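For reference, the structure I am asking about is given below.
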Amino acid sequence: MLTLELNGRSFQAEPGTTLDALFMSQYKEGFKEGIAAKLNGKVIDFHTPLHDSGRMEMIGADSAEGLQVLRHSTAHLMASAVVKLFPGAKLAIGPAIEEGYYYDFQVDRPFQPEDLAQIETLMHQIADEDHRFVRGELPREEALRKFEKEGEIFKVELIQGIPDPTVSTYTHSFFTDLCRGPHVPRTKLLRHFRLLSVAGAYWRGDSNRPMLQRIYGTAFPSKNRLEEHLKRLEEAKLRDHRKVGQALDLFSIQEEAGGGLIFWHPNGAAMRRVIEDFWKDEHVRRDYQMVVTPHIAQVDLWKRSGHTDFYRENMYFLNVDEKEYVLKPMNCPFHIMIYKRKKHSYRELPIRIAELGTVYRLEKSGVLHGLARVRGFTQDDAHIFCTKEQVEAEVQGVLELVQFMLGTFGFTEYQVDLSVRDTKRKQDYLGEDVEWETAENALENVVKRAGLPYHRAEGEAVFYGPKIDIKLTDAIGRQWQCSTIQFDFNLPRRFEVGYVGADGQGHPAYMIHRALLGSMERFFATLIEHYGGDFPVWLAPVQVQIITIADAQEPYAEELRTLLREKGIRAEADLREEKMGAKIRDAELMKIPYMLILGRKEVEERTVSVRSRKKGNEGSIPIDAFVEKLVAEIRTRT
Ligand SMILES: [Zn+2]
Ligand SMILES: [Zn+2]
């Protein structure tokens, strides 16, 4: 007999029995509490045969794990509707994903929007019939024969990859799928779902395998939460940086040049210059030393750094004079070379070397996405070399700079992930205990002191050092990964990075990689979507649009434009022979913060009629007063 502990009660159960049976016979409340359960920390469903005693908890649909079970079960429901409506459709896989789920199918023709509506309707019908998800187990060979007979070639391939002697299936109504589970107990629990889109997807992500049709959907435990999510998706669509980027003429990706390579147009480049200047000024103020390093280097350097071992598939190799070169995927080894150009005494530390360093990484074409996932990008990179005693103050300094800079860009909410090593597997990590302890404590102390919410992930650190990742929350509540503070106990060993201590002896230096914005490209995407293109005046590509009512104001308009530009203001003049209304509309479409309307009166009185994007019509004011106010607004970055 097994003994199960649940909510302080204990139950006896025959081995092989299920929670479903247990709840029917002994503990009816169980059904009401959850849609799945956890036994000794592992998620199981009401139909999984029980083989172990232990502690159980119920999982509600509101928890992260419950939501996954709910969404994956909805994928089964969707597949059942698809095979009913499209006889002969072959099934691939249907996992839960971050914001929903998908299922891949092989069908004769691509799905159309009307198909999705039809599938969704049938899903509701099947769900309302309230079928149970029934688990079946059968010998592997038998499962192979069954799916082979049904022509389910992808399932056959999946079974061939399963080493276990038995495989499990789940059946609701007429539909059986090969699956490990877990699922919700009954289809009636699946009520708040929506099919969202269709995309082509290669079987197993391999472009040499068949192209399948992937239907994306989402599901929630309540109507409210589903509607909230759909509303947010609509908002996100309007803010999509690819769309806004085109409307505001900020950047493009040119087919002819290749995927994942960004062309910054004058408007986008104007913004980038503002961001870069701000970044450089703040770093120089904090004793960072700016450097510039090459874009390629001989392969031997990357062998020494270890990149050719653990980063090879993301690197571009070139042949120059019969020697192999690498297009740099990271700036670190170059900054180390600059650090090592001379011997350093402990008195010189910390040394902070910074660069807006452009790197190239080979990403699969399928994952490229606007500015957010690219092949060439500029990291706002820096490497700090310091002593053990300086570690905490350095981490503190970086975090303060992160908060100051991101705060200035308008982000005030952050989530921190602290990745530390698994102390039970010490042998898997490079570096000494004292190094790990110093670094992990510094990271955690500093984050705690800053009062930031953080999550400590044991065993999530990479082999060469602990780190924190900082995610910011944007205007519609989405999180974007941007800053990283990463310790490295690997490169300093490989390159013998050290300093001369007070004792006159050589000591290894602590090395910290850090990026605040992450990459200029990705951060630009974040900014665009956060503001929906409606940038604060200090960032706006064009800050002032001068609009003439008639030709007579042209000389005054040109004089004004020159004056504003001399003050460092990005001003343009619209001198087209268009009606004033049309010029205003165009400036509004470009989301320009200020319009200056010039008529006869403004020329005579040397004033400007100000239209502010935020405050509307501000009336006529003397030109000097306007310039003074605007310069102050830009300087304070408000
Ligand atoms: Zn399943
Ligand atoms: Zn680095």
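We number each residue from 1, following the sequence as shown. On a predicted model such as this, the values are computed, not experimentally measured, just so you know. In listed order, ligands and their atoms are each counted from 1.
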Q: Examine Phe409 together with Phe278 and report whether their ring centres are nearer than 6.0 Å.
A: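 Ring-ring flag for Phe409/Phe278: true, centres closer than 6.0 Å.
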Q: Tell me, yes or no, whether the heavy-atom count around Met337 atom CE, taken from other residues, nucleotides or ligands under 6.0 Å, exceeds 12.
A: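 No, the 6.0 Å shell around CE holds no more than 12 heavy atoms from other groups.
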Q.
Is any side-chain heavy atom of Glu521 closer than 4.5 Å to one of Arg272?
A. yes
Q. Phe489 and Trp436: aromatic ring centres closer than 6.0 Å?
A. yes
Q. So do Tyr311 and Met330 actually touch side chain to side chain, heavy atoms under 4.5 Å?
A. yes
Q) Between Asp62 and Arg225, is there a side-chain N and carboxylate O pair less than 4.0 Å apart? A) yes
Q: Hey, can you tell me if Phe133 and His172 have their rings parallel, tilted or perpendicular (30° and 60° cut-offs)?
A: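 If you compare the ring of Phe133 with that of His172, the planes turn out tilted.
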Q: Just say parallel, tilted or perpendicular for the rings of Tyr510 and Phe487, cut-offs at 30° and 60°.
A: perpendicular
Q. Hey, are Gln379 and Asn331 close enough side-chain-wise for a donor-acceptor pair under 3.5 Å?
A. yes
Q: Could you please tell me which protein N, O or S atoms lie under 2.8 Å from the Zn ion (ligand 1)?
A: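 The answer is His72 NE2, His76 NE2, Cys179 SG, His183 NE2.
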Q | the Zn ion (ligand 2): protein N, O or S atoms [distance under 2.8 Å] | A | Cys332 SG, His383 NE2, His513 ND1
